[in-house]
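Since the structure comes first, as structure tokens, the remarks are kept for the end.
Letters go in sequence order (proteins before strands), and every chain restarts at 1.
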There are 2 protein chains.
Amino acid sequence: MGVIEKVAKAPQAAPVDVRTRKWVDVLPLDSIIQQDCIEAMRALPAASVDMIFADPPYNLQLGGDLARPDGSHVDAVTDDWDKFDSLSAYDAFTRAWLAEARRVLKPNGTIWVIGSYHNIFKVGSAIQDLGFWILNDIIWRKANPMPNFKGTRFTNAHETLIWASMGEKAKYTFNYRSMKTLNDELQMRSDWEFPICGGQERLKKNGTKVHPTQKPEALLYRVMLACTKPGDIVLDPFFGTGTTGAVAKRLRRHWIGIEREGGYVEAAQERIAAALPLDESAVTTMQAPRQAPRVAFGTLVETGYLNPGAVLTDPKRRWRATVGVDGNLRSECGAAGSIHKLGATLQGAPSCNGWTFWHHETPEGLKPIDTLRQTYLLATQP
Amino acid sequence: MGVIEKVAKAPQAAPVDVRTRKWVDVLPLDSIIQQDCIEAMRALPAASVDMIFADPPYNLQLGGDLARPDGSHVDAVTDDWDKFDSLSAYDAFTRAWLAEARRVLKPNGTIWVIGSYHNIFKVGSAIQDLGFWILNDIIWRKANPMPNFKGTRFTNAHETLIWASMGEKAKYTFNYRSMKTLNDELQMRSDWEFPICGGQERLKKNGTKVHPTQKPEALLYRVMLACTKPGDIVLDPFFGTGTTGAVAKRLRRHWIGIEREGGYVEAAQERIAAALPLDESAVTTMQAPRQAPRVAFGTLVETGYLNPGAVLTDPKRRWRATVGVDGNLRSECGAAGSIHKLGATLQGAPSCNGWTFWHHETPEGLKPIDTLRQTYLLATQP
DNA sequence: AGCGTAGATGAATCCTGGC
DNA sequence: TGCCAGGATTCATCTACGC
């Protein structure tokens, strides 16, 4: 593994044509090119890599400071690399690097790009305009996203990945069997759940995170396992702290990283050097735990298992409450809240399991609403 | 509920200006306009609806329905002219109907558009270019998606919705409390799970489905509950078999549907006629505190719920403060101010909710003064 | 050692009404 | 238009520390 500071400054031994500044015959495999990604890709030969994984800046456009309800400060992404003058400037940047990426990809290669609603529509639109053929969009559902502290929107709990081939008729690699095995013999779906990158995996220096947006290795692992073969070449034009390189090394794929910031390059080098080829046990630990799906009471209302206006009672019929459109319960005395909250309030208890406390009338008598939840699960789970 | 076949052919009684072909003073509420959606929206007054929900076609095999490229520049990057042509036509069509939608929306209104990877990137990109401000993208995770029979890709198990306001500074309706109640007291996330539309809900004629992409009512239910108020006007420019109308009627919102195909119009009419509005009381949702009557802390002192001289502390008893006659707090260190200000000052935080920060001693232990406010509200509200 | 609790934190376009 | 002040607002996970 080496680091090439700039193609133009590469040592004479490096296989670069001085006039064209292009890599000849041999690619800078398993090394980091420290340079702007568009320039660096221009120096790579056409049709030379099997996959591109790209995590470009999202163009977040954050406002002022944000504080949590407890008053603490939210550490936002304020880095210069995420600043663009305008939406159209971002658009131009996106089209420029995607065009180079397309040139560098083999005809049977595929590209992956990750983003959020801030940028993914611009990315996807450019991908289609450039002639790529979208194969799937994949949702990374975050197990532990940051909440919406001000209660102004839905919790932004996912990111989107686009997977595309070189064209409508292009061939591509998809390891269907691997994915099905990884998913307990069920077809792998387009929504994947992983925790955000934290704990031991998160790179830190002097106690602070090295990169603000480090991606979990599990995500890259699934991407590479699904869409490359051992020995394939994976290019990451926004290498950051090298998640792509670390996973590629473990999965015995070749990688090329492009990254402008020296600090990130250094951290990536160290990290990848320490990465070990995969062993069996690691495979199992990479899998997201299968957990019983959680069903909110409101879901039963939305899906018609229980209608707004229905009356619930406790098992002893001491209290009656009416179901509201949003799944709230309103008792005759005027108190209102969720099934759990109202149950607790009426009993004067600190907490209450609304699922077993509240009952509804059925032809077979009073039944806990928990039975409705079971019915819903049976109907919707495979 | 009525059906207007075409604005130009509307009966004389209809409030349409013959020269401008526009609706005047009165909107065609709770009715279906059978016409092309762009023309039909042109006839509606500007800034007249509170929400637009759109489920546009995403079939890229364009027929005569979609506008041809209107002189927009030709990008020479692609070599597949057929595909570029249809992609460009779809783009033009998308921008045309979105521009009309924007004109028709109130300044504080919001738009929802649903789509899949075939079209959602074009839609989102156009939404941003037109000046809308994306608030969230929402993932509808299908509980029971159709499998990928060929095993060539990931199972396409979700669709994407975009929710946007009229601009960065625009206000919008978001019933945060309702969503949190609906989700068992956890913030509603950006990924929603619903089954696909089937069973009794799926409209059928002679045993075959009436519409190929009928959306589940549960989806529209959550959208409307989250982002509209009772009595609001919801416009659906791609009405299909009227899911939007049926849900709007149940939730006591007004609706306007635009649909070109007579067969769908007929099915929608029948369906919506059969839908029953929910009882007034059931439509009541959980109120955000700021919509509840405001109670000043001083009021609690004036009315004797808390006496001047009472001592308050934070939950960890790190700070003590005495209640003044005017509802001011004075800490032992001499700092003074409103319950909010003093809390913020002592913690060194930018702000503080005094109602939950300050506690008072009760026989049951330390309790936040917010409970006093609840008691006061229960005692004084009808 | 093991358990329980407190504190920190993550790609976030994060307030509103009155003067 | 901006400024000021009231007051509303968080979930899952990991680490550190004390008992």
Side-chain angles (χ1 to χ4, degrees), chain A residues 55-79 81-84 87 90 114-120 140 142-160 193-202 204 207-209 211-216 238 240, chain B residues 128 132-137 164-165 167-169 171-172 174 176-177 180 183-190 288-292 294-298 315-316 327 337-344 349-358 369-370 373:
Chain A
D55 181 11
Y58 289 6
N59 190 26
L60 284 186
Q61 305 179 71
L62 302 180
D65 280 349
L66 181 63
R68 296 185 173 80
D70 66 7
S72 65
H73 173 80
V74 175
D75 187 15
V77 179
T78 52
D79 307 67
W81 50 254
D82 197 42
K83 300 234 187 305
F84 294 84
L87 188 58
Y90 184 80
I114 183 168
S116 65
Y117 67 85
H118 309 85
N119 71 325
I120 200 66
W140 169 25
K142 300 183 183 183
N144 48 349
M146 183 156 60
N148 180 293
F149 296 116
K150 304 295 186 189
T152 55
R153 304 179 179 190
F154 298 98
T155 302
N156 193 8
H158 73 276
E159 294 191 19
T160 301
E193 177 170 321
F194 297 111
I196 57 178
C197 182
Q200 293 302 313
E201 188 187 328
R202 188 86 191 205
K204 291 189 178 173
T208 59
K209 55 190 176 190
H211 196 286
T213 71
Q214 188 183 336
K215 295 294 178 287
F238 305 95
Chain B
Q128 290 182 304
F132 290 105
W133 193 248
I134 298 181
L135 297 165
N136 277 116
D137 61 332
S165 71
E168 183 174 358
K169 307 292 181 191
K171 290 181 183 169
Y172 56 89
F174 179 57
Y176 176 75
R177 261 320 317 173
K180 194 166 174 178
N183 197 35
D184 281 2
E185 294 301 319
L186 283 180
Q187 285 191 338
M188 188 66 81
R189 297 168 42 116
S190 56
R290 70 171 72 93
Q291 286 165 324
R294 210 186 121 216
V295 178
F297 179 66
K316 291 170 196 165
S338 70
I339 54 172
H340 314 294
K341 214 162 207 178
L342 184 61
S351 64
C352 166
N353 183 347
W355 290 109
T356 51
F357 178 74
W358 293 108
I369 56 177
D370 199 36
R373 178 165 61 163

Please determine, for the side chain of Trp133(B), which listed nucleotide (dA12(C), dT10(D), dT13(C)) has the closest atom? dT13(C)
Please lay out, stage by stage, how His118(A) and Ser116(A) fare under the test side-chain hydrogen bond (donor to acceptor under 3.5 Å, both in side chains). CA-CA 5 Å; His118(A) 309 85; Ser116(A) 65; 2.6 Å; yes
Grab the CD-P distance between Glu159(A) and dA11(C) for me, whole Å please. 8 Å
In terms of side-chain heavy atoms of Asn144(A), which of dA12(D), dA11(C), dT13(C) is nearest? dA12(D)
Could you check whether the side chain of Arg68(A) and the base of dG10(C) have a donor-acceptor pair of N or O atoms closer than 3.5 Å, going by distance alone? yes
When all nucleic acid strands are considered with a 4.0 Å heavy-atom cut-off, which category describes Pro145(A): base, sugar-phosphate, or nothing? base
What does the 5'-to-3' dot-bracket notation of DNA chain C look like when only Watson-Crick and G-U wobble pairs under 3.5 Å count, and pairs to other strands show as |? .|||||||||....|||||
Students often get this wrong, so: under 4.0 angstrom with heavy atoms, is Arg373(B) touching a base, only sugar-phosphate, or nothing? sugar-phosphate
From the list dT13(C), dG7(D), dT9(C), which nucleotide is the closest neighbour of the side chain of Asn156(A)? dT13(C)
Given the P atoms of dT10(D) and dT16(C), what is the spacing between them in whole Å? 15 Å
For the side chain of Ser351(B), counting heavy atoms from C-beta on, which of dG10(C), dA8(D), dT13(C) is nearest? dA8(D)
Rounding to a whole Å, what distance do you find between Asp65(A):CG and dT9(D):C1'? 16 Å
Tell me if the NZ atom of Lys83(A) is crowded by more than 12 foreign heavy atoms within 6.0 Å. yes
Whole-angstrom distance between dA5(D) and dT13(C), as gauged at atom C1': 25 Å
Using a strict heavy-atom distance below 4.0 Å, which residues from residues 147-154 of chain A are in contact with DNA chain D? Pro147(A), Asn148(A), Phe149(A), Lys150(A)
Nucleotide nearest Lys209(A) when distance is taken to its side chain, options dA12(C), dT9(C), dG10(C): dG10(C)
Rounding to a whole Å, what distance do you find between Leu62(A):CG and dG10(C):P? 14 Å
Between dT9(D), dT10(D), dA11(C), which nucleotide has the shortest distance from any of its atoms to the side chain of Lys180(B)? dT10(D)
If only side-chain N and O atoms of Tyr176(B) are considered, is one of them under 4.0 Å from the OP1 or OP2 phosphate oxygen of dT10(D)? yes
Any N or O donor-acceptor pair linking the side chain of Lys215(A) to the base of dA11(C) at under 3.5 Å? yes
Starting at atom CD of Gln187(B), determine the distance to atom C1' of dT9(D), rounded to an integer number of angstrom. 8 Å
Taking the nucleotide of DNA chain C with the nearest heavy atom to each, does Trp81(A) or Lys171(B) sit closer to the 5' end? Trp81(A)
Roughly how far apart, to the nearest Å, are dA1(C) and dC19(D) at atom C1'? 12 Å
To the nearest angstrom, how far is Gln200(A) atom CD from dG10(C) atom C1'? 16 Å
Would you say a side-chain N or O of Arg294(B) is under 4.0 Å from OP1 or OP2 of dT16(C)? no
Check every atom of dT13(C), dG7(D), dA11(C) against the side chain of Asp82(A) and return the nucleotide holding the closest atom. dA11(C)
Main-chain N/O of Phe154(A) paired with Asn136(B) side-chain donor or acceptor, under 3.5 Å: yes
Hey, does Pro216(A) reach any base, or is it just sugar-phosphate, or nothing, if we go heavy atoms under 4.0 Å? nothing
